[in-house]
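Structure, as structure tokens:
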There are 2 protein chains.
Amino acid sequence: MASEAELAALHADLTAKQADVNRTGDEVRAMKGALKEKKVDKAEVDKVVAKLTALKLELKAAEDAYKAKAGVSKDSSEGRKKFREDVSNALERRLFYIPAFKIYGGIAGLYDYGPPGCAVKANILQFWRQHYVMEENMLEVECPCVTPEVVLKASGHVEKFTDLMVKDVKTSACYRADHLLKDAVEDLLEKNPTFAPDVVLEHKNVLARVDEFSADELGALLTKYKIVAPETKNELSKPYPFNLMFATSIGPTGTMQGFLRPETAQGIFVNFRDLLYYNGNKLPFAAAQIGQAFRNEIAPRQGLLRVREFTLAEIEHFVDPEDKSHPKFKHVKDLEFLLYPRAEQLGAEKKPVLTKIGDAVAQGIVNNETLGYFIARTYLFLTKLGIDKTRLRFRQHLASEMAHYAQDCWDAEIECSYGWIECVGLADRAAYDLKQHSEESKQPLIAFKRYDKPREVEHVVVAPDSKVLGKMLKKDNKVVKEALEAMSEEEALAMQAKLEKDGEAPLTICTTNQTFTITRDMVKIAKEKRTESGKNITPSVIEPSFGVGRIIYCLFEHSYYAREGDEQRTVFKFTPLVAPIKVTVFPLVSNAKLDEEGYQISQAMTASGVANKIDTTAISIGKRYARTDEIGVPFAITVDFETLQGGTVTLRERETTEQVRIGTKQVVGVVRSLADGVVAWSDVVAQYPKVEAKEEK
Amino acid sequence: MASEAELAALHADLTAKQADVNRTGDEVRAMKGALKEKKVDKAEVDKVVAKLTALKLELKAAEDAYKAKAGVSKDSSEGRKKFREDVSNALERRLFYIPAFKIYGGIAGLYDYGPPGCAVKANILQFWRQHYVMEENMLEVECPCVTPEVVLKASGHVEKFTDLMVKDVKTSACYRADHLLKDAVEDLLEKNPTFAPDVVLEHKNVLARVDEFSADELGALLTKYKIVAPETKNELSKPYPFNLMFATSIGPTGTMQGFLRPETAQGIFVNFRDLLYYNGNKLPFAAAQIGQAFRNEIAPRQGLLRVREFTLAEIEHFVDPEDKSHPKFKHVKDLEFLLYPRAEQLGAEKKPVLTKIGDAVAQGIVNNETLGYFIARTYLFLTKLGIDKTRLRFRQHLASEMAHYAQDCWDAEIECSYGWIECVGLADRAAYDLKQHSEESKQPLIAFKRYDKPREVEHVVVAPDSKVLGKMLKKDNKVVKEALEAMSEEEALAMQAKLEKDGEAPLTICTTNQTFTITRDMVKIAKEKRTESGKNITPSVIEPSFGVGRIIYCLFEHSYYAREGDEQRTVFKFTPLVAPIKVTVFPLVSNAKLDEEGYQISQAMTASGVANKIDTTAISIGKRYARTDEIGVPFAITVDFETLQGGTVTLRERETTEQVRIGTKQVVGVVRSLADGVVAWSDVVAQYPKVEAKEEK
């Protein structure tokens, strides 16, 4: 990678040459004007034009020189692309992940996790369980992926879980309309750096709103920007909604429509009643689920970030809508991290702000303590995994982004080479989901909220007199009785007033539009006081939802670097928590006794539950260190001839490349403690003699 | 539950009464014969008939008495049903599992795991990873559930993964043809205990072969047994195959057919090449995968045992087909457990035999060491989970059950109230899967087998002379050259002989049916010796495949019992490894200080990674013990007033109900060691003072 200084020098050269070209260009233009007016002769002009041509060649060379170096700088657009290619190559080469069904050409948006990727994922999920399910006493459930239509109708997915699609009118190839628009506008801006500021702003406004346009709006913009099918240049259809759920049929009759769940949350909502009961009918409580979800993306891209099958880890925290305080908020309120509230996004600076979560809740920026608590806990979760806290922000949804029922939504966004990526969504969804399922299933999904002390509550009681109604209204008596009982408190009080005043009142049956005359003897309406110990409520739900694959990919990018001075020696700086393998064991040279010693240490590690690998290839220790760096193994043990004599091995830590000498009897326990995060490397260095060893190559 | 002695007495009474009835019946028949012949008078006969009637009533009473008691004995059919209901009730009541989408009426064959079930499952999967993936250094992968058709065509699932179905001709309700036949024949046998032995045998033979019948055979049997639709008694259609895969469409065009995978194995096979490379191109190696699989069962039944979505844990161990020895087989060869080989199933005894796995392999009963090794490791896995070893057997597939390519197959079958259930399949599938995918994808799925030392191998080399061919055959020269090169060694040698003898030989191009005359100058055919360091082979695969849900259900049954003398106090005797919660903390009475002390212990447990629960309800300790017994919590801590004064708590173990007194500072470490299986309860009892406490109620 080019050094900062080197890049700066190249850039200065580039700028100077650009200025030369600009200046000489002006000169040429001026002289051509003068030539027309015959103030100069042609030979003079030609001389300056030749000078300009030469300068342009020099500029081109300077540009190439800069690009070649800057291309590996993370901060330029090309640098990001190069970096991404490097990371992806390293990941695919070591089977962290690979395109699924590769021997059959692969399927867009489907990936396999190979051995190290699988181990990283298992470690992250185990930590998620510890950090959320165990520490917060959540109720974990596991529900099927195959889901009947009725559930996803209630949740709104059957109707609304769509993206706008366009088709190539000749080949029927499909595209996401918003992606085509975004690419076209970005391309336009990039190719026209000379657009006037107001024109640029106009296009940028289109980009900013690209997620929000309706089918008609998108259609109009596709026409306006003259967008055609990217491969064939054929005309495109109008945008129309495509449902992203994979459809299937449940059972042999072919009559029961089902879908693969697009999220795991619905499985929790439909179990709310049983879970509440399991929790002793007490609020608040949270349920959690880890599992596969499926979205039949129109055109998957961005590798692991937009896929058709992925693992979600979701929490539904059910809480009294009138009391969203959290008893443990006090433990996190002083945590400070990057918040990007609505006001900042709409403001001039457009920058996230380092904020204490306690202040954000106190100032009403974050809606409530429980939501704030989960934001803070998510910050801790992600940074403990190894996500760079300077490239992590919590962005609040703009009002226009939020569903009508949502109280407040924040996304944990992580910056990677693709930009800022939504990895965790944290939303206060109010009572929406429970109400929807309650309505569709006709089952009450409510909790009983017990008051601190019983309350006296006034009710309006409507008591029709069945006998009188029967006598007076004959066959109509039943429908009138029902209508009387169905009156709202206001309606009943109005009727009561009219009855007292006029002795009779009209009652219209809305379904049949018949009107009956109600007299005083037909119904008694009175206010009554009752003592109530509590009331039924529909809980609010606060939902933190984790896209596990996205977090993993961002973590890969944040963990990847090349050792100073050697671009080939790449490292994943995984924490011991995340690392797929915690320690490798190397017999120094090919020797049966060393190998045997190595196998014994390896077996002891396995028995102790420490993921390890033994490498008995006879290549140099330096190369073997490099190999384990490449998959992010944090520790390495070398078995050498001192091991056979003195019963000690060397233990090396990846980031510092420091080594200590340690007894074979101690090393398993020490590595386990390091892997569990119980002791730090600095503790080990303090306790055991350091070995001054060069990293061989 | 009735005691053995009680049941035996009732049964003796029943047998005696049955004998009385039989004897008197014979007497009646004899006397009726005598009456016809006028050897006795009618009054005498009537007296004996009256006696028979009385005896029959007594017999009925004895039968009822026996059934009432035997009904709760595990060993009778009714007892098993009662036991199953009890277990299921306990499991559903405590949310181990529940029908999925219950508020919408549920979907047959889809279940949710609730909090304790989810924890048991996570514990079992974690142990599976430790026992197989870590200890055997397997390569774990994770592949998508959504699978393109081409993969499942190659594997044979598109064509053959079917069950035979019949439809109610009027309502179109669907049934599994073999299930209807089985139910009908079993019912027939049960209702006709007086069938002659040869008739019984005939029906039992039908039952034994119920899985094997073709559509036509099943159709004929359904007609023979006059089987109709169970609910409506309508006529049934002929049996026809129904594919059990859930179908879906991948991508927006609707043109790419996909399925939900019916097993996880295919994801491993298609990645064979990359995994071999990852393993340094060395055999043997094993890959493993845990994940969801899907089967659109025609008519799911038997609860968790036959479901439409389930978790599989599968291993594909790739091995040299010429060397299936296993270096670690020596460690397990002396393990002795129940094997049920083919010969025993076909023999007179029809009983599994306690066998040392080493002997079974040595005697060729189990095909090879690697298969034997996995059988033994699976025995260890299941019994460590808590499966009763007397109700676990490994049953070999009969030749008629095995696929044509399989070398040997064994099922780990666990006995539960539904009978012997296949929970793990262990199969040597030879090279079938890799060859199928290689053929379909046109990608070589092979390994290079290096010889111990290079070998000299004789080949027949065919070298066409392009110049001569071109001159003589003009435009046909290319096709002839290819045909010459494509000859088998035999064909080439035959041509060589003919060329030497006659100077020319005919060559027929099979695709065009043209025949050319080949002369000596056109081609050189000679034997050549070459030194080869190895050869390409298609590895054999040995596949242990675990039905996780089935294992879990059988484990639930094997773990469930009622405490002696109290049928209401039911227990799941989960091992600490499996238990969803390892320890509960009980403040003795409702008291803020005791609660605070309890919370601190609970938090320390959580921080230490020990799943725990605090129960501050003020109900009696005995009831709280019973509550935790009911979900199988192995340990309980009671915080009492001594805790506040002396800093000690009581620790109770579930199976012995013994209690010790132990310091609050020690208890977390001790429980963690107990939960990890590092120390046994007996060690704890030896070290800490025992408390003589009655289990309060």
Side-chain angles (χ1 to χ4, degrees), chain A residues 95 98 100-104 107-108 110-115 117-119 121-122 129-130 134-135 137 139-148 150-151 165 172 174 242 246-253 260 267 270-271 273-275 278 292 294 296 298 308-309 437 441 443 606 609 611 613, chain B residues 95 98 100-104 107-108 110-115 117-119 121-122 129-130 134-135 137 139-148 150-151 165 172 174 242 246-253 260 267 270-271 273-275 278 292 294 296 298 308-309 437 441 443 606 609 611 613:
Chain A
L95 294 200
I98 38 176
F101 316 114
K102 215 169 79 175
I103 61 170
Y104 290 104
I107 302 286
L110 294 179
Y111 290 88
D112 294 336
Y113 286 92
C118 217
K121 186 172 174 184
R129 277 206 173 93
Q130 169 71 23
M134 280 199 63
E135 286 199 25
N137 266 308
L139 308 182
E140 191 178 347
V141 299
E142 189 188 300
C143 309
C145 300
V146 174
T147 304
V150 62
V151 173
M165 179 159 92
S172 290
C174 301
F242 172 74
F246 283 97
T248 192
S249 174
I250 306 173
T253 61
L260 300 188
V270 301
N271 278 320
R273 221 169 28 168
D274 280 340
L275 293 168
Y278 187 83
Q292 293 301 88
F294 304 81
N296 194 10
I298 294 168
R308 287 178 164 151
E309 180 174 341
H437 283 296
S441 69
Q443 308 279 345
T606 301
K613 198 174 158 60
Chain B
L95 294 200
I98 38 175
F101 316 115
K102 217 170 77 175
I103 61 170
Y104 291 104
I107 301 287
L110 294 178
Y111 290 88
D112 293 337
Y113 286 91
C118 217
K121 186 172 174 184
R129 277 206 173 92
Q130 168 72 21
M134 280 200 63
E135 287 199 23
N137 266 307
L139 308 182
E140 191 177 348
V141 299
E142 189 186 300
C143 310
C145 299
V146 174
T147 304
V150 62
V151 173
M165 179 158 92
S172 291
C174 303
F242 171 76
F246 282 97
T248 192
S249 174
I250 306 174
T253 61
L260 300 187
V270 301
N271 278 320
R273 221 168 31 168
D274 280 340
L275 292 169
Y278 187 85
Q292 293 302 88
F294 304 81
N296 194 10
I298 294 168
R308 286 177 165 152
E309 180 173 341
H437 283 296
S441 69
Q443 307 279 345
T606 302
K613 196 171 158 61

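By convention in this document, chain letters (A, B, ...) are assigned in the order of the sequence lines, proteins followed by strands, and residues within each chain are numbered from 1. Keep in mind the model is a prediction, meaning the values are calculated, not measured.
A:Tyr278 contributes atom OH, which lies 11.0 Å from atom CD1 of B:Ile98 (distance to the nearest 0.5 angstrom).
Residues meeting the ring-ring contact (aromatic ring centres under 6.0 Å, His included) test with A:Phe242, sequence neighbours left out: none. Checked against ring-ring contact (aromatic ring centres under 6.0 Å, His included), A:Tyr111 has the following partners two or more places apart in sequence or in another chain: A:Tyr97.
For the options A:Glu135, A:Arg308, A:Lys613, heavy-atom pairs under 4.5 Å to chain B are most numerous at A:Arg308. For chain B, the option among A:Ala247, A:Gly114, A:Ala100 with the highest count of heavy-atom pairs below 4.5 Å is A:Ala247. In terms of heavy-atom pairs under 4.5 Å with chain B, the best-connected choice from A:Ala611, A:Cys174, A:Pro144 is A:Pro144. Ranked by heavy-atom pairs under 4.5 Å with chain B, the first of A:Gly251, A:Cys143, A:Ser172, A:Gly609 is A:Gly251. Ranked by heavy-atom pairs under 4.5 Å with chain B, the list A:Arg129, A:Glu142, A:Arg273 is led by A:Glu142.
Using a 4.5 Å cut-off between heavy atoms, A:Met165 contacts chain B through its side chain alone, with no backbone atom that close. Residue A:Asn137 touches chain B through its side chain alone, counting heavy-atom pairs closer than 4.5 Å.
Residues A:Phe101 and B:Pro148 form a side-chain contact, since some pair of their non-hydrogen atoms from C-beta on lies under 4.5 Å apart. For the pair B:Leu275 and A:Leu95, the minimum side-chain heavy-atom distance is below 4.5 Å. Side chains of A:Tyr104 and B:His437 form a contact here, defined as non-hydrogen atoms less than 4.5 Å apart.
B:Glu140 places no side-chain N or O within donor-acceptor distance of the main-chain N or O of A:Gly117, the cut-off being under 3.5 Å. The backbone N or O of A:Val146 lies less than 3.5 Å from a partner atom in the side chain of B:Glu309, making a donor-acceptor pair.
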